[in-house]
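The first residue of the sequence shown is numbered 1, and numbering continues consecutively from there.
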Amino acid sequence: MSQDDIASRIEEALALLDIGLEQESESIIQSLLAHTPTAEVHSAAIYIFNRLGRFIRASVSADVLLDQKRILPAEELLRIALAFNFSGRLQEAYDIEKSISPENNEQSLVRLYGLACKANRLGRHAESLIHLLGCFSFQNTEAGDAHRKIFLDSELSSLWEKIPSIPLTLRQAMRYCNLPFDEILALNESVFPLRCVDQMDMHAMPTKFHALLRPVYATCFEVAPAAEAANPALAAEFATWQAAVVAPRLDAFRALRERIASMVLDQQLTFAQFQAAKGRFGCARNHLICHLLQSPGASLANLPEIPLLRPLIEEFRAQEAECPESFRTLIAWAHRDEPEKFLRDVLPEMPLLNRTSGYALLAAGCMHYRLGDTAAAIESWSACARKWPLDDAPVMNAAMLLSGEKRWDEATQLINRLPDECMKSLLWKRAQHAISERRTFSLSSKTNPTPRIPTPTFGNLYSGADEEFLVEHKQFTPIVC
């Protein structure tokens, strides 16, 4: 049989499987295995037998491929790991999944999810937790339902119970403090749509629910509409069962979010001092603001001495003394989504020191920019840069707009005022290079978002700064990846 004939027969077997003709699909793959057991046939066999729930048989073909010592693609290795996992070869499944170099975000999510499950079953709970958190780093993937399934998965049941007692390092907290915890919780607030279940879950749940389920995806099951219509009471009971399993795990996730946030918030003043010592005024300012807004009991009255920020802290204290409400409104960006209201009603009503402060100028520039008034935005940001000469935010914002207006000399003069430390940022280097070549550049808040809880990298503005901080403070510890 030629390679084309083999490929055609494999395609036929897969098509038959997709339309539910399982016996016919298996008959073709069994015939191919008996007469032309090529690597491609064994690869198809792993896929088909996994779909049929015959994991021991899939593992036979997996062993054949592995014995050939060929370099296998990540997708193939993930299927082999799945076959080994469900056939009881847990350690081998873990070792294979650990060795995979993902080729895209989809595979990264699938790999991390699998490692979380396998590490937990192997008793490596701390490692499992890090893999679980890593799953939430990947958004907008086709496997996005994993962010719901993960709270039901029976392979992770013991992990959720152990999470409160699993220690976390500062490095781990810094890495995961800006995961979209709130979005994940919102995604899971409702029991509907019902989460799919896998082979392991089928053994963990009451067997009466099996009558509701039909195969879907590779090895998962979901409620069949016909079965739900025929037995609505059992379907409702199944939903209640899922909700009861998920609820305490969501509570554990909320507590984990608070623990991680607290660890990083406790470091904000130390981060500010670290950034100030490096000459990164803008980052230090943001750490200071994060401390004031989010740390319990934080006050301008009891701040440590931070030489670079001394003038800024004095400015803040004067603003707060003049009008605490106005000061809080400014640093909290309370009217971020109401530019017209801020410029028309809020800012003009503020007393003098707050109305003319650096934060007011920074905010006004942002509001003018959102309203499309480039000239006013440049004017506000340039005035802020004069008031805060060491702060890169107003300088880069104004320089971006000046480059768009082709006012190259003004943009060059402005950006060249930044301290050398600021220009170590790759983003700022690119901006400076663009201006020197008289090209426009942009700063997108989508590709360079401001972190909710800043760490020294400040959303990767200063790559490697987190590690630099940890080394200097003797808290650098290895992290599972």
Smallest separation among heavy atoms of Phe84 and Ala93, with atom names: CB-CB, 3.8 Å
Pair Leu187-Arg148, side-chain contact (heavy atoms from CB on, under 4.5 Å): steps then yes or no: CA-CA 7 Å; Leu187 179 68; Arg148 281 177 54 81; 3.8 Å; yes
Flag for Arg121-Asn85: side-chain donor and acceptor within less than 3.5 Å: yes
Pair Ile453-Ile260, side-chain contact (heavy atoms from CB on, under 4.5 Å): steps then yes or no: CA-CA 10 Å; Ile453 303 178; Ile260 289 173; over 6 Å; no
Residue pair Leu426 / Asn460, side-chain heavy-atom distance below 4.5 Å: no
Donor-acceptor contact present, side-chain Thr38 to main-chain Val41, <3.5 Å: yes
Ser27 side-chain N/O to Glu24 backbone N/O, donor-acceptor pair under 3.5 Å: no
Check ion pair Lys118-Glu155 (N to O, under 4.0 angstrom): no
Side chain to side chain donor-acceptor pair (under 3.5 Å) involving Gln432 - partner list, sequence neighbours excluded: Asn416
Expected output: side-chain Gln107 to main-chain Glu103 donor-acceptor under 3.5 Å: yes
With sequence neighbours excluded, residues passing ring pair (Phe, Tyr, Trp, His ring centres under 6.0 Å) with Phe136: His147, Phe253
Pairwise side-chain contact, Val264 with Thr455, heavy-atom cut-off 4.5 Å (strictly under): yes
Any Tyr176 side-chain heavy atom under 4.5 Å of Ser137 side chain: yes
Criterion salt bridge (charged side-chain N to carboxylate O under 4.0 Å, His left out) on Lys278 and Glu472, from CA distance to verdict: CA-CA 12 Å; Lys278 303 294 181 184; Glu472 287 191 13; 2.7 Å; yes
Residues in side chain to side chain donor-acceptor pair (under 3.5 Å) contact with Asn104, at least two apart in sequence or another chain: none
Residue list, side chain to side chain donor-acceptor pair (under 3.5 Å) with Ser25, at least two apart or on another chain: none
cation_pi(Arg280, Tyr462) dist<6.0 Å, angle<=45: yes
Short side-chain donor-acceptor distance under 3.5 Å, Gln199 and His203: no
Audit row: Met174, Leu470, side-chain contact (heavy atoms from CB on, under 4.5 Å) steps and yes/no: CA-CA 10 Å; Met174 289 165 64; Leu470 291 165; 3.9 Å; yes
Nearest heavy-atom neighbours spanning Pro339 and Arg336: CD-O, 4.3 Å
Donor-acceptor pair, side chain of Ser157 and main chain of Ser154, under 3.5 angstrom: yes
NZ/NE/NH1/NH2 to OD/OE distance under 4.0 Å, Arg254 and Asp251: yes
Verdict with supporting geometry, Cys135 and Ile150, side-chain contact (heavy atoms from CB on, under 4.5 Å): CA-CA 9 Å; Cys135 290; Ile150 207 165; 4.1 Å; yes
With Arg195, the side-chain hydrogen bond (donor to acceptor under 3.5 Å, both in side chains) member among Asn188, Asp153, Asp201: Asn188
Atom of Ala83, atom of Ala58 and distance for their closest heavy-atom approach: CB-CB, 3.9 Å
Met202 and Leu213, any side-chain heavy atoms less than 4.5 Å apart: yes
Sub-4.5 Å side-chain heavy-atom contact between Phe221 and Cys196: no
Over 12 non-hydrogen atoms of neighbours within 6.0 angstrom of CD in Glu338: yes
Ser99 side chain to Ile96 backbone, donor-acceptor under 3.5 Å: yes
Pairing residues for Arg214 by the salt bridge (Lys or Arg N to Asp or Glu O under 4.0 Å) criterion, not counting sequence neighbours: Glu222
Whether Arg111 side chain and Glu97 backbone form a donor-acceptor pair below 3.5 Å: yes
Aromatic plane relationship, Tyr369 with Trp381 - under 30° parallel, 30 to 60° tilted, over 60° perpendicular: tilted
Heavy-atom check, side chain of Phe192 versus side chain of Leu194, under 4.5 Å: yes
Any pair counted as side chain to side chain donor-acceptor pair (under 3.5 Å), so long as it reaches residues 158-168, sequence neighbours left out: Asn120-Ser158
Non-neighbouring partners of Phe238 that pass ring pair (Phe, Tyr, Trp, His ring centres under 6.0 Å), sequence neighbours left out: Phe209, Trp241
Side-chain donor or acceptor of Asn231 paired with backbone N/O of Ala227 under 3.5 Å: no
Qualifying residues under salt bridge (Lys or Arg N to Asp or Glu O under 4.0 Å), relative to Asp67, sequence neighbours excluded: none
Pairs flagged by salt bridge (charged side-chain N to carboxylate O under 4.0 Å, His left out) wherever residues 176-192 is involved - sequence neighbours left out: Asp182-Arg257
Of all pairs that satisfy side chain to side chain donor-acceptor pair (under 3.5 Å), the ones with a partner from residues 282-291, not counting sequence neighbours: Gln268-His287, Gln275-His287, Arg285-Tyr359, Arg285-Asp391, His291-Ser295
Any donor-acceptor pair under 3.5 Å from His131 side chain to Gly114 backbone: no
Sub-4.5 Å side-chain heavy-atom contact between Leu256 and Leu168: yes
Could you pull out every donor-acceptor pair under 3.5 Å between side chains of residues 44-57 and any protein atom, sequence neighbours left out?
{"residue": "Tyr47", "atom": "OH", "partner": "Arg51", "partner atom": "NH1", "Å": "2.9"}
{"residue": "Asn50", "atom": "ND2", "partner": "Ile46", "partner atom": "O", "Å": "3.4"}
{"residue": "Asn50", "atom": "ND2", "partner": "Arg79", "partner atom": "O", "Å": "3.2"}
{"residue": "Arg51", "atom": "NH1", "partner": "Asp18", "partner atom": "OD1", "Å": "3.3"}
{"residue": "Arg51", "atom": "NH2", "partner": "Asp18", "partner atom": "OD1", "Å": "3.4"}
{"residue": "Arg54", "atom": "NH1", "partner": "Glu26", "partner atom": "OE1", "Å": "3.3"}
{"residue": "Arg54", "atom": "NH1", "partner": "Glu26", "partner atom": "OE2", "Å": "2.1"}

Exercise: identify the closest heavy-atom pair between Leu401 and Ala377: CD1-CB, 3.6 Å
Check: Asp466 and Phe458 side chains under 4.5 Å, non-hydrogen atoms: no
Glu437, CD atom: more than 12 neighbouring heavy atoms under 6.0 Å: yes
Check: Ser425 side chain, Leu461 main-chain N or O, donor-acceptor pair, under 3.5 Å: yes
Any donor-acceptor pair under 3.5 Å from Ser262 side chain to Arg259 backbone: no
Val395 versus Ile415, closest heavy-atom pair with distance: CG1-CA, 3.9 Å
Lys NZ or Arg CZ of Arg124 over Tyr94 ring: under 6.0 Å, within 45°: yes
Smallest separation among heavy atoms of Gly282 and Asp392, with atom names: CA-OD1, 3.8 Å
Non-neighbouring partners of Arg89 that pass side chain to side chain donor-acceptor pair (under 3.5 Å), sequence neighbours left out: Asp63, Glu92
